[in-house]
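Numbering of ligands and ligand atoms starts at 1, following listing order. Note: hydrogens, waters and symmetry copies are ignored here, and every other heavy atom, side chains too, is used.
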Amino acid sequence: MSPHEAQRPRLRLLKPLRASLMQGHPWLFDRALGLPAAPPAPGAVAVVEDHDGAIAQVFVDPDSPIRARVLTLDVDERLDDAWAHDRAQAAARRRSRDPALVGCDGLRALHGEADGCPGLVVDVYAGVAVAMFDGRAAAAFWTPRLPAVLRGLVAGGVDLDRTWVKGDRRGAPPYAIGPAPPEVVEIREDDARFGVDVISGQKTGFFLDQRDNRRCVAAHAAGAEVLNLFCYNGGFSLKAGLGGAARVTSVDSAPRAIESLADNLRRTGLPPEAHELVCADAFEFLAQARRQGRTWDLVIADPPSFAPSERTKGTALRGYARLVEACLDVVDAEGRFALASCSSHVTEQDLLGVLASAAIRPSAPGRGAALRVRYAGGAATDHPILPAFPEGRYLKFLLCDL
Ligand code: SAH
């Protein structure tokens with residue numbers, strides 16, 4: 001054992017997970033990892049071992065079901081600023097050669113586990129980096145290393161001049177590194193312009209992960225009457241408009257979302273008369289549209305996560321089923337329907353199951369049977385997935401023909 005390794009607590013695997021860790025799975029759940037009587041502080045580095053010896057260095061989160069996140073399989077590696085800098089620089093360099101990011105100045109520069117920086121996300125919006133920690137332990141581990149991470153991103157080619165840290169989603173206060181960012185930062189994505197509220201917007205301010213699915217919608221929108229449900233600040237709506245949609249109806253229950261969509265139409269130079277903005281509950285809107293006999297050529301539904309945990313998955317699937325049925329009621333006979341799910345507990349297979357059962361609902365016999373998936377997408381290319389970590393594939397997007 002090296003002197004460096006000896007300083008760290010050693011935690012014993014309770015399950016045979018050496019192979020899974022070696023393949024790159026970055027999490028150890030509470031059932032799989034014992035803690036000593038005096039557990040390490042959240043974010044403390046420890047060495048995980050089994051009967052064959054040390055396997056990985058992790059940071060520990062004693063209070064979370066995700067008890068440890070793997071930092072490196074090299075048990076002698078020093079997890080200092082140079083290490084953090086190199087991880088970030090490598091992530092940035094991978095993005096600098098990604099053709100899907102050409103024409104975009106909003107990107108996910110660092111995608112947590114998949115970029116070797118578990119529990120840390122850095123989105124960059126036209127020079128403003130927005131960092132977010134996934135929990136208290138990630139905040140404790142990454143906060144002292146964040147300046148090195150940011151320097152690494154710049155060294156790898158990311159253009160950034162200030163940073164806003166959103167805290168840890170469980171109450172840690174946000175703070176600025178360098179000058180405070182403006183509340184709204186304008187980004188461009190192809191021919192669209194979005195004002196991103198980096199301070200109080202959802203997630204880091206924008207749904208960067210839908211970029212490639214937005215492009216898919218743009219490609220299918222020419223001449224179409226489009227309904228975009230759960231539209232937030234109008235990602236799909238703008239791209240549908242730019243793709244030549246005849247008219248776009250956008251629905252969200254949050255007044256601020258509708259306001260920012262109106263603002264984004266102006267920024268992009270799209271004609272407001274071609275966009276109907278509705279602040280309403282999506283299910284109520286669909287029920288009313290059905291009563292009125294309204295239909296659309298292309299209906300998009302990208303709801304918030306219905307399944308915050310594995311335990312709620314059954315309820316979530318019933319929620320998706322109800323949503324799909326209500327959407328299919330308002331899709332034209334030869335129209336298209338796109339469904340997205342951002343819950344990692346609901347798999348693509350689960351969603352296909354929901355679409356398949358829609359075929360046998362009593363209210364529209366045979367209709368769902370004609371559904372065919374034309375495009376199955378996921379999160380955009382700056383949100384990579386580790387092959388050994390299916391939990392990382394949280395976003396699914398299915399575009400279907402009726
Ligand atoms: N499709 C968006 C992201 C959707 S986020 C994009 O591509 O950027 C989910 C959105 O659903 C939020 O804006 C939230 O305000 C809205 N929402 C949540 N519950 C809703 C409901 N019952 N009816 C309508 N909108 C709802």
Side-chain angles (χ1 to χ4, degrees), residues 104 106-108 123 125 130 184 187 189-190 192-198 200-218 220-221 226-243 245 248-265 267-268 275-290 298-308 312 315-316 318-327 330 337-344 346 377-380 382-383 394-399:
C104 303
L107 79 157
R108 174 148 297 188
D123 288 342
Y125 299 110
V130 184
V184 175
I187 60 163
E189 180 180 282
D190 308 327
R193 299 289 178 276
F194 295 98
V196 177
D197 181 344
V198 296
S200 45
Q202 296 197 34
K203 303 221 280 185
T204 62
F206 188 59
F207 289 85
L208 291 165
D209 52 5
Q210 293 282 19
R211 183 187 304 110
D212 295 333
N213 303 325
R214 281 192 283 272
R215 288 171 170 160
C216 169
V217 161
H220 284 85
V226 177
L227 172 61
N228 180 18
L229 298 161
F230 312 94
C231 62
Y232 186 43
N233 60 4
F236 289 113
S237 307
L238 263 69
K239 297 296 268 198
L242 291 164
V248 183
T249 305
S250 303
V251 181
D252 199 288
S253 57
R256 283 201 64 169
I258 296 296
E259 281 164 31
S260 60
L261 167 45
D263 180 50
N264 289 333
L265 290 172
R267 290 175 188 272
T268 304
H275 288 262
E276 179 189 4
L277 311 188
V278 185
C279 189
D281 175 84
F283 288 95
E284 285 171 19
F285 177 87
L286 286 166
Q288 192 185 19
R290 184 186 173 181
L298 169 58
V299 175
I300 303 157
D302 175 24
S305 174
F306 290 165
T312 52
T315 319
R318 284 190 291 281
Y320 283 112
R322 203 158 68 86
L323 177 63
V324 167
E325 289 176 12
C327 286
V330 300
F337 170 54
L339 176 67
S341 162
C342 60
S343 167
S344 56
V346 172
D382 48 353
H383 299 59
Y394 67 99
L395 184 65
K396 283 78 52 185
F397 177 86
L398 298 169
L399 174 76

Among protein heavy atoms, which lies nearest atom 23 (N) of ligand 1, and at what distance?
A282 N, 2.8 Å
Checking salt bridge (charged side-chain N to carboxylate O under 4.0 Å, His left out) for the pair R214/D190: CA distance, chi angles, key distance, verdict?
CA-CA 11 Å; R214 281 192 283 272; D190 308 327; over 6 Å; no
Quick check on contacts: which atoms of ligand 1 are under 4.0 angstrom from a heavy atom of F236?
7 (O)
Against heavy atoms of A280, which atoms of ligand 1 measure under 4.0 Å?
23 (N), 24 (C)
Should the ring pair Y232 and F207 be called parallel, tilted or perpendicular, given that the plane angle runs from 0 to 90° and is split at 30 and 60?
perpendicular
For L227, run the side chain to side chain contact (heavy atoms under 4.5 Å, CB included) check against V251, L298, V278 and tell me which one passes.
V251
Near A254, which atoms of ligand 1 are under 4.0 Å from a heavy atom of that residue?
15 (O)
Relative to atom 1 (N) of ligand 1, which among D302, L238, L229, D252 owns the nearest non-hydrogen atom?
D302
So is E284 close enough to ligand 1, meaning a heavy atom under 4.0 angstrom away?
no
Aromatic ring pairing F230/F306, orientation class (parallel under 30°, perpendicular over 60°, tilted between)
perpendicular
What I'd like to find out is whether the side chain of Y125 reaches to under 4.5 Å of the side chain of L208, using heavy atoms alone.
yes
What residue and heavy atom of the protein are closest to atom 18 (C) of ligand 1, and at what distance?
P304 CG, 3.5 Å
When you check the gap from the basic side-chain N to the acidic O, do D197 and R256 get nearer than 4.0 Å?
yes
Regarding K203 and D123, does a basic nitrogen lie under 4.0 Å from an acidic carboxylate oxygen?
no
Can you confirm, on distance only, whether ligand 1 has an N/O atom lying under 3.5 Å from any N/O atom belonging to S253?
yes
Quick one: nearest non-hydrogen protein atom to atom 12 (C) of ligand 1, plus distance?
Q202 NE2, 3.2 Å
Take H275 and L261 through the side-chain contact (heavy atoms from CB on, under 4.5 Å) test and state the conclusion after the steps.
CA-CA 10 Å; H275 288 262; L261 167 45; 5.6 Å; no
Walk me through whether V184 and R267 qualify under side-chain contact (heavy atoms from CB on, under 4.5 Å).
CA-CA 12 Å; V184 175; R267 290 175 188 272; 3.4 Å; yes
Test item, C342 contacting ligand 1 (heavy atom, 4.0 angstrom):
no
Heavy atom under 4.0 Å from ligand 1: found in A340's side chain, backbone, both, or neither?
neither
Can you find an N/O atom of C231 closer than 3.5 Å to an N/O atom of ligand 1?
no
Proximity winner for atom 8 (O) of ligand 1, if only heavy atoms of F230, F285, F207, F283 are counted:
F207
Looking only at protein heavy atoms, what sits closest to atom 22 (N) of ligand 1 is D281 OD1, 2.8 Å
